[in-house]
Number of protein chains: 2
Amino acid sequence: MTTNPSLQLWLYDTTLRDGTQREGLSVSIEDKLRIAHKLDQLGIPFIEGGWPGANPKDVQFFWELQENPLKQAEVVPFCSTRRPHAIAADEPMLQAILAAGTRWVTIFGKSWDLHVTAGLKTSLEENLAMIGDTIEYLRSQGRRVIYDAEHWFDGYKQNPDYALQTLTAAMTSGAEWLVLCDTNGGTLPHEVTQIVKDVVTEIGNRELLTGNEEKALTQSPITNHQFPITKIGIHTHNDSEMAVANALAAVMAGATMVQGTINGYGERCGNANLCSLIPNLQLKLGYSCIGEHQLNQLTEASRFVSEVVNLAPDEHAPFVGRSAFAHKGGIHVSAVERNPLTYEHIQPELVGNQRRIVISEQSGLSNVLAKARTCGIELDKDHPQARQILQRMKELESQGYQFEAAEASFILLMYEALGRREQFFEVKGFQVHCDLVEVKETTNSLATVKVAVNGKNILEVAEGNGPVAALDAALRKALVNFYPQIADFELTDYKVRILNGHTGTAAKTRALVESGNGQQRWTTVGVSTNILEASYQAVVEGLEYGLLLHFQAEKALKV
Amino acid sequence: MTTNPSLQLWLYDTTLRDGTQREGLSVSIEDKLRIAHKLDQLGIPFIEGGWPGANPKDVQFFWELQENPLKQAEVVPFCSTRRPHAIAADEPMLQAILAAGTRWVTIFGKSWDLHVTAGLKTSLEENLAMIGDTIEYLRSQGRRVIYDAEHWFDGYKQNPDYALQTLTAAMTSGAEWLVLCDTNGGTLPHEVTQIVKDVVTEIGNRELLTGNEEKALTQSPITNHQFPITKIGIHTHNDSEMAVANALAAVMAGATMVQGTINGYGERCGNANLCSLIPNLQLKLGYSCIGEHQLNQLTEASRFVSEVVNLAPDEHAPFVGRSAFAHKGGIHVSAVERNPLTYEHIQPELVGNQRRIVISEQSGLSNVLAKARTCGIELDKDHPQARQILQRMKELESQGYQFEAAEASFILLMYEALGRREQFFEVKGFQVHCDLVEVKETTNSLATVKVAVNGKNILEVAEGNGPVAALDAALRKALVNFYPQIADFELTDYKVRILNGHTGTAAKTRALVESGNGQQRWTTVGVSTNILEASYQAVVEGLEYGLLLHFQAEKALKV
C-alpha cells in the first residue's frame, strides 16, 4: 500500500522518559543522547526527553541537547500540572521545564475524579484550575503545549462529564494536542474506539459552544469520521497485550498523534511498541509517519536501542525480531521461495529485516538446500550428498543436537559430507580436574588436552576459574603456535541446556558456544551426558570454524 | 465482572504443536506429557498434541497418553487433508492420526486459491474434494472433526467466494468447528471483525440453503450478532503484534473456539498468548473459559511451561510476568497501597500473580515475611532476624542466586538466620576428574568427596557418566550409612543457566536441582563461576533439605 500524505500522523517517542521506567533498564546521559540522535534520524517528530523537574540527570540531558541540537525532531520535556493551590509561576518544576529551552512542553494532569479526590486530595474544581493555570502560564512564556490526560479511559468510564471538563480546561487554555492515556493499560480496543469517537464529537461541539467555529470539526478522509482541529493523541500501555491494537483503534477513530517507545519498553508490561505501530500504520493502513528510507532503518534502530540500554533484543519481536521472517517447516520453505507472499505478511526489507531459513528437526530437504545456498554452497536436490546431509542432521538432532542456533556446526557438517572439511587439527583427548577444598573460594580447575596438528601430537595444560574456561585455555595454548590468528578469537557467549531433565544429573547436556573474531560471530553446538564433553565439542568446533573463515578469506584475497 | 455461563468459549491449546515451531524451543516426549497434564489441570478443554503423521516423536506421545490419560481434556492430533488425487483411506498420515486413538482430530486445509494452484499445484475443485473426502473418511471412522482453514483471512480477501466454498466443503462433510486461521499474522482487528461477521452470516445462510434449518442461526446474547450452529473458531499469529487483539475481535464477532499457546510460543513472532487471552475474555468481557480456581493458577502454569521448555520467562508479560504488577517507588506506591484500582487494571491474585513494590526496602521485608509465612514460619516484621534474612537474600540475589524457584534453599537460609539450621553433615571438599581419551564414547568421570558427620571425616569416591552424576553418587555413598533414608531420595530435575552470557565460559553459572523422596519434591540452587561447584552446592542442599523434611516428619509423628 502506498502512503497518502493527507493521512499524516505525528509520532511521539517516550523511550527516554516512560521507557526508562522499565524494571531493569537504566541509562546514562550519554546513552540518552545517542538514542535521541538515532530517533531523530529515524524521522520521529517529537521526542520526550525526560522530566527535568523530578530528575537532575534530565536537566543535564536538555542542556547537552542545546549544545548539540537534533536535526529535525522537537525534543520535549515532561511535567505535571502545578500543585493544588500553588501559583504556576512559582513552581520550581515548571521553571525547570522552561529552562530546558524547548519549543514544546508536555504537561500531564488528572482526568479521573478518584485520583483527584483520593490521590491529590483536592477538589474537582481545583484540578481544573491546576490544568488551566499551568497551560496558560506556559503559553505566556511562549511554549506550545501537549496535554497528556492521565488515566483518561478509566476516568471517562467512571465520570465522563468530569473527564471531558478536564480536556476542555486544557483546550481552552491553549493546549494544541489532547493526548488520551490508558495509564493502567486495562482498556480493550472496542472501548478505545468508542471513547475516542465520543471525544472527537464532544470536543468539536465544545469548540462550537465556546465560539471557536473556525476550530470546530473537520472530516477524516478514511474513516469519514469528524474530528476537531484541536488534535487528539493516544498513549497506551501493554498490560492487556493491547497497547498496539489500542493505538491503532484510536488512530482509526480520529487520533493523529501516537505515543510509544522503541521495543515497547516501559513500566510493568511496557508501552505501545513503535517498532510494530509504525509498519502497521504505514504499510497496512496507508498513514504517513516517517520516510520510506527511514522505515527501512527500523530494524537497525530497534537493535541499536537495545544495545545502548544493554537488554538482549527480543528475537521474536514483530517486524524487527531476528525470527520475524524465519521459516522452519519444510513445506513453508519451498512455498516461500516460490512466492514470498504465501508465508510473509510484508516484505522484510521494507523494515530493514531479512528472511531466514532455519534448520531444525522438522526441516526437509528444501531447508537444507536453501541453507546451503545462504552459506555459499550451491547444492542441487539431486546431488548425492544432499539427502545424506539431511539424514546425518536428523540423526544428530534425535541425539539432542540442535542446529537452529548453531549455524557454524551445520556448515562444518555439510563440508564433511561433501568431503571438503579441512582438518586443521585432530582432537586426541582431554582431562579435567576440579578441586574444592574446605572453603568455597579456592575452587580451581585444571585441564589437560591432547591434540594433533599435521601428525604431531601436542600435550598442553592450563588453569581456569571453571572447567570449561580451563579447557578453552588449554586448547588455545596447544594451537596458537600453529595458528596465530587464534589469539584474536574470543568466546562471546556460552549456553547450556539439560535435555530430559527428569533423568537427573545423568541426563544429556547440550552446550552452545558463540565465538567471534572481531568482525564476525558464529555459534557451535556439542551434546553429551558429560557437560564438560558437550562444552568441549562446541569449543573445538568454534575454533575450527574460525580457522575455516580465516583461510576462506585468505583464499578469496589471493584470487 | 462475574462470568456468565451462557457465554461459554472453548479454549484450544496448541503449545505442543504450533508452540514447538518457535525457533530455539525443543521438547522431549517427557516434557510434552508434563505440559499436557498441566494444561489439563488448568481446565483447557482441547489440547493439540502434535502431528503424528509427520513426526515419530508425536506418535509415541499419543501412545503414552493412552497409557496415562488426561483427566478432562480432549487431546487432539493434527494433520493436513489427503494429497491431491489420493484416496483418503490409503493415506498413511491419516492412518497415523487414527492410530492416535483420540475422539477428536484436527484437519487443516487450504482456503487461499493461490496456495492451491501455486503451492499444491492442483485445481480449485480438487482442493474442495480433498477437504470433503478427508473429513468424511475420518467421520466414517468415528472421529469428531475440527477444521483449520489455513490462510483464511488472506484467502478471503483475495477470493471470498472460493474461500467460503472451502468452509462449506468442510461443514457439509461433517466438521463441527470451522477455525479461521490468520496463518501469516498480517491481519488487523477491524478486518477480523468484518470477515468473521461475514462468515457467520454466510455459513448460516448456506446451512439454510442446504436444508439444515435446525442448524442455521442463533443469536449471541452480548453482541446481538447472529451466528451459525456449526461453530466458528479463531487461530491467530502475532506478526503484527495483533494476535490477542485479533482473537478478541473474532470472539466478539461470534467465534466460540479460541486457539493459542501458553506464553504465546510459536513460529516467527508466536501465536495468540493464552495467558493474556484468558484473563481478557474472562475478567473483562465476562466470557466463561476456565474455572476461577483454575484462573488463579495461570501465572504458575505460565512459569511451569517456560521452565519445562527451558526458556527464561518473560518478566514483562501481561498478567503473568514478574513485572506485570510491579510498582516503582513514589506516588504510585502510596496510591496503590491506598486503593489498588488506581494503578492496577485487575487484581493480580485473580491470575495467581502478585503486586511487587520495587526498590522499597520496607516492601522487600513484607515479601520476606509473606514468603516465610507460605513456608510455615511466622515472623513478625520487628523480629530481629527479619531484616537480616532480607539483607542476606539481597546479597545472594545480587550474586545471581534466585529463590523464586528454589524455595528449599530459601528455607535453609531462613533456618540459618534463625539459628535453627541443623548440621546433618559438613562439606569439606570435592575433586572431580574427567577423562576423554581418543574416542568420544569412553569419557569417564570420577568424583572424590570429603564430608564430616558428627565430627567424623568421610572420604568417598564414585564414578558417573558425567561429573555431576559422579559427584552425586559419591555424596550418597558417603552419607547413606549415617542417613539410610537418603537411599529413597532421587534427583528429579537438573537445570543450568549461564548468567551474563557475554563474558564467555568465565561467566557465572546457576544450577537448579529438583529432588524428591517419593511423596514430595523440592528445589535448591547453587551459583558459581565453576559449573561443577554450582551443581555441587545445589545437590548438597537438596540432600540436606530432604533430611530436614524427614526429621521434621519424624518429630511431628512423635508429638
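Since we're looking at a predicted model, the values are computed, not measured. Throughout, protein chains are lettered first and strands after them, A, B, ... in sequence-line order, and every chain is numbered starting at 1.
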Exercise. Looking at B:Ala534, B:Ala447, B:Ser323, which makes the most heavy-atom pairs under 4.5 Å with chain A?
Worked result: B:Ser323

Exercise. Which atoms form the tightest heavy-atom contact between B:Ala245 and A:Ala245, and what is the distance?
Worked result: CB-CB, 3.4 Å

Problem set entry | Check against side-chain contact (heavy atoms from CB on, under 4.5 Å), A:Glu23 and B:Glu315 | CA-CA 9 Å; A:Glu23 203 178 339; B:Glu315 306 227 317; 5.7 Å; no

Exercise. For A:Ala324, is it the side chain, the backbone, both or neither that has a heavy atom under 4.5 Å from a heavy atom of chain B?
Worked result: both

Exercise. A:Tyr343 and B:His151: aromatic ring centres closer than 6.0 Å?
Worked result: yes

Seminar exercise, completed: Bottom line for B:Val449: the part with an atom under 4.5 Å from chain A's heavy atoms is neither

Seminar exercise, completed: Heaviest contributor of heavy-atom pairs below 4.5 Å to chain A, chosen from B:Pro56, B:Pro318, B:Ala54, B:Gly186, is B:Pro318

For this session: Could you walk me through whether B:Thr342 and A:Leu114 pass side-chain contact (heavy atoms from CB on, under 4.5 Å), step by step?
Result: CA-CA 8 Å; B:Thr342 53; A:Leu114 171 74; 3.7 Å; yes

Problem set entry | Minimal non-hydrogen separation, A:His345 against B:Gly185, with atom names | ND1-O, 4.2 Å

For this session: Go through the atoms of B:His190 and report whether side chain, backbone, both or neither lie under 4.5 Å from a heavy atom of chain A.
Result: side chain

Exercise. Mind checking what makes salt bridge (Lys or Arg N to Asp or Glu O under 4.0 Å) contact with B:Glu514, not counting sequence neighbours?
Worked result: B:Arg521

Exercise. With no hydrogens and no angle check, do the side chains of A:Arg22 and B:His316 hold a donor and an acceptor under 3.5 Å apart?
Worked result: yes

For this session: Taking the side chain as every heavy atom from C-beta outward, state whether B:Val244 and A:Met242 have any atom pair closer than 4.5 Å.
Result: yes

Exercise. Where on A:Leu248 is there a heavy atom nearer than 4.5 Å to chain B: the side chain, the backbone, both, or neither?
Worked result: side chain

Problem set entry | Set of residues satisfying side chain to side chain donor-acceptor pair (under 3.5 Å) with respect to A:Glu344, sequence neighbours excluded | A:His327, A:Arg355

For this session: Test B:Lys284 against A:Ser240 for side-chain contact (heavy atoms from CB on, under 4.5 Å), laying out the working first.
Result: CA-CA 10 Å; B:Lys284 299 194 171 180; A:Ser240 308; 2.7 Å; yes

Exercise. Do you know which two heavy atoms are closest between A:Cys269 and B:Ala317, and how far apart they sit?
Worked result: SG-O, 3.7 Å

